[in-house]
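Please read the structure below before turning to the comments.
The chain is numbered in sequence order, starting from 1. All heavy atoms count here, side chains included; hydrogens, waters and symmetry mates do not. Source: prediction; values computed, not measured. First listed ligand is number 1; within each ligand, the first listed atom is number 1.
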Amino acid sequence: MDMSAPIPVSVAKQFLSRPQANLIGKERAPAISGRTIKVLDPATGELLMTTPDSGQEDIHRAVMAARAAFDSGPWTRMTPYERARLMLKLADLIEKHQGELAEIETLDTGKPIMASRYVDVPLTLNQFHFFAGLATKVRGNTMTLSCPYTPGQQFHSYTLREPVGVAGLITPFNFPMLLGAMKIAPALAAGCTIVLKPDERTPGSSLRMAELALEAGIPEGVFNVVTGGPDAGAALAAHDAVDKIAFTGSTEAGRSILRAAAGNLKKVSLELGGNSPNIVLDDADVAAAVQGAGFAAYVNMGECCVAGARLFVQDKVYDQVVEGLIGYANGLKIGAGIDESTQMGPLITPQHLDKVCGYIESGRQAGAKIVAGGERVQRPGYFVQPTVVTNTRDDMKIVTDEVFGPVATVSRFSDVDQVIRQANNTMYGLAAGVWTRDLSKAHRMASALQAGTVWINCYNIFDTALPFGGYKQSGWGRESCPEAIDLYTQVKAVCVAL
Ligand code: NAD
């Protein structure tokens, strides 16, 4: 795909400046209450778009549209191949509008445009291509029974793998398009209908993708989008006509979603927070490890669930790695994401900026040393410098908590078994990194680290073929792999006496 041609910002801006509405069935609907949310550009603090501040009634309407489309619409009567072709049409439209989508994503989230163009959009497309391919491969099994109390009786027994029904999808602000696609694509491939509730701070790409889905010919009611805050999410999680909730966001919100979902015991999958260790051993390729440590900590402004926020470095290479990381952090070009030369954009909101700066200050006060960055950037928008923190203790809040900003804490270690214990000493278990030339150590550590993904001599490598999800309190279920279809299907056993 040709990603090189710059697309005028005005295409995305044109979309964002339109009066935005929920997409329910094929209707564009404001919130029934008339309330709206002002979405701000994090690079400037200026108004970017206005979206419905939806409540329970709006969620109800969207769920009923999805319910009708599931129970009696053409979607569930289509063959898997027909559904796959419509998903591929949607993928083609995403590709056709990739420049616009990348810019919407950057203006909304603040992330560098080069990341939106070359990472978020291609990975989003990959999700649709991958799961469109799987739509025709959802299958059951046959089995021979040995029922002990029916001697001589023969049975024909098999399983059917069926769509779970209406899926409510709730996404966060940091990768709205990609994390949306990681749910939308397997849900559609499985034959579900969906209500997507994107984060209130970054709804642009979700609204645009839903429009493209209608344009692709995906029947009305299959792909609904409702914008709003946590209350709208809670209403979706609690709704009795929703069969499944797929959530990505904080562990705290994940817990309330579980409670809300208990009413009708809907199926739940959760992709939650992280505080990932990244471990550099003495025998690592130091130059590669430094680049990897910087990329792990600062990509997407550190607003990354898998951010390698806790860097552990073995004695012999400690000074070299710290020095390298300081150079990496100080060398990042900070600016508005829409500027092609920007390597690090703003944080999402002033409140989040305060929170991240609060963590840095708490580290300073607890005796940690800020050896790079540590300050707000004095310009409009919500910018903080990429920060390196040394002299930490494992019980400092800046180490124990998910900071969700461009902050790397660095700890020195000598003993590999000890660092594994330290790395695992967290309620999270999303990802981990290991840098070593020793294959045996690498595989032993991959097995010992309690994380859903372990990267060896690399970091932040994503592919739809790789399962993605968390150990411990980082989540339930795996997305982005063939097994993701299981999250949106259920198995029926059929037994026929012959
Ligand atoms: P958040 O939990 O505040 O919000 C995420 C979404 O949930 C938003 O759409 C929000 O409106 C909604 N929401 C919030 N509270 C809710 C509630 N009680 N009921 C229903 N919906 C609710 O998270 P955030 O601040 O947007 O994102 C940051 C968090 O997300 C971090 O903890 C990060 O690690 C996590 N995250 C995890 C993954 C992953 O794949 N594991 C990926 C990205 C982000």
Side-chain angles (χ1 to χ4, degrees), residues 37 39 42 51-56 59 108-109 111 120 123 127 168-183 195-203 205-206 225-239 242 245-262 266 268-276 299-309 347-349 351-353 355-356 401-405 426-431 451-453 460 462 466-481 484 487:
I37 295 177
V39 179
T51 60
D53 184 4
S54 307
Q56 213 172 353
I59 289 288
D108 238 1
T109 61
K111 72 177 70 195
D120 297 51
L123 285 178
Q127 290 284 329
L169 316 178
I170 304 175
T171 49
F173 72 80
N174 57 345
F175 293 88
M177 179 166 42
L178 172 59
L179 297 174
M182 281 163 68
K183 299 169 170 34
V195 176
L196 171 63
K197 206 297 286 171
D199 192 282
E200 56 278 21
R201 295 158 287 190
T202 56
S205 53
S206 302
V225 181
V226 179
T227 61
D231 289 349
L236 186 58
H239 202 292
V242 173
I245 286 284
F247 172 73
T248 299
S250 60
T251 295
E252 193 189 338
R255 260 190 267 281
S256 13
I257 280 170
L258 270 188
R259 284 191 289 269
K266 53 179 69 68
V268 178
S269 50
L270 302 168
E271 295 281 357
L272 306 176
N275 190 8
S276 300
V299 80
N300 213 57
M301 298 76 77
E303 290 171 335
C304 201
C305 52
V306 291
L347 295 181
I348 192 68
T349 56
Q351 295 80 5
H352 190 52
L353 175 64
K355 190 172 158 194
V356 170
D401 290 13
E402 182 186 35
V403 174
F404 221 56
T426 163
M427 70 174 190
Y428 298 113
L430 200 53
T453 297
N460 283 329
F462 293 100
L466 272 175
F468 182 70
Y471 276 35
K472 300 195 276 186
Q473 294 182 42
S474 287
W476 286 358
R478 293 292 178 273
E479 294 188 330
S480 211
C481 57
L487 303 176

Under 4.0 Å from ligand 1, counting heavy atoms only: the protein residues, by chain and number: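 These residues qualify: Ile170, Thr171, Pro172, Phe173, Asn174, Leu179, Lys197, Pro198, Asp199, Glu200, Arg201, Gly229, Pro230, Gly233, Ala234, Phe247, Thr248, Gly249, Ser250, Ala253, Ser256, Ile257, Glu271, Leu272, Gly273, Gly274, Cys305, Glu402, Phe404, Leu430, Phe468.
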
Gap between atom [atom2] of [Y] and atom [atom1] of [X] - 0.5 Å precision:
X	Y	atom1	atom2	value
Ile348	Thr109	CD1	OG1	6.0 Å
Leu236	Asp231	CG	CG	12.5 Å
Leu178	Ser480	CG	OG	7.5 Å

Side-chain donor/acceptor of Thr251 to backbone N/O of Gly273, under 3.5 Å: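 Confirmed, Thr251 side chain pairs with Gly273 backbone.
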
Over all atoms of both residues, closest heavy-atom pair of Pro203 and Thr51: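 Taking Pro203 first and Thr51 second, the nearest heavy atoms are CG-CG2, 3.7 Å.
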
Near-ring test Phe404/Phe173, centroid separation under 6.0 angstrom: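 Ring centres of Phe404 and Phe173 closer than 6.0 Å.
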
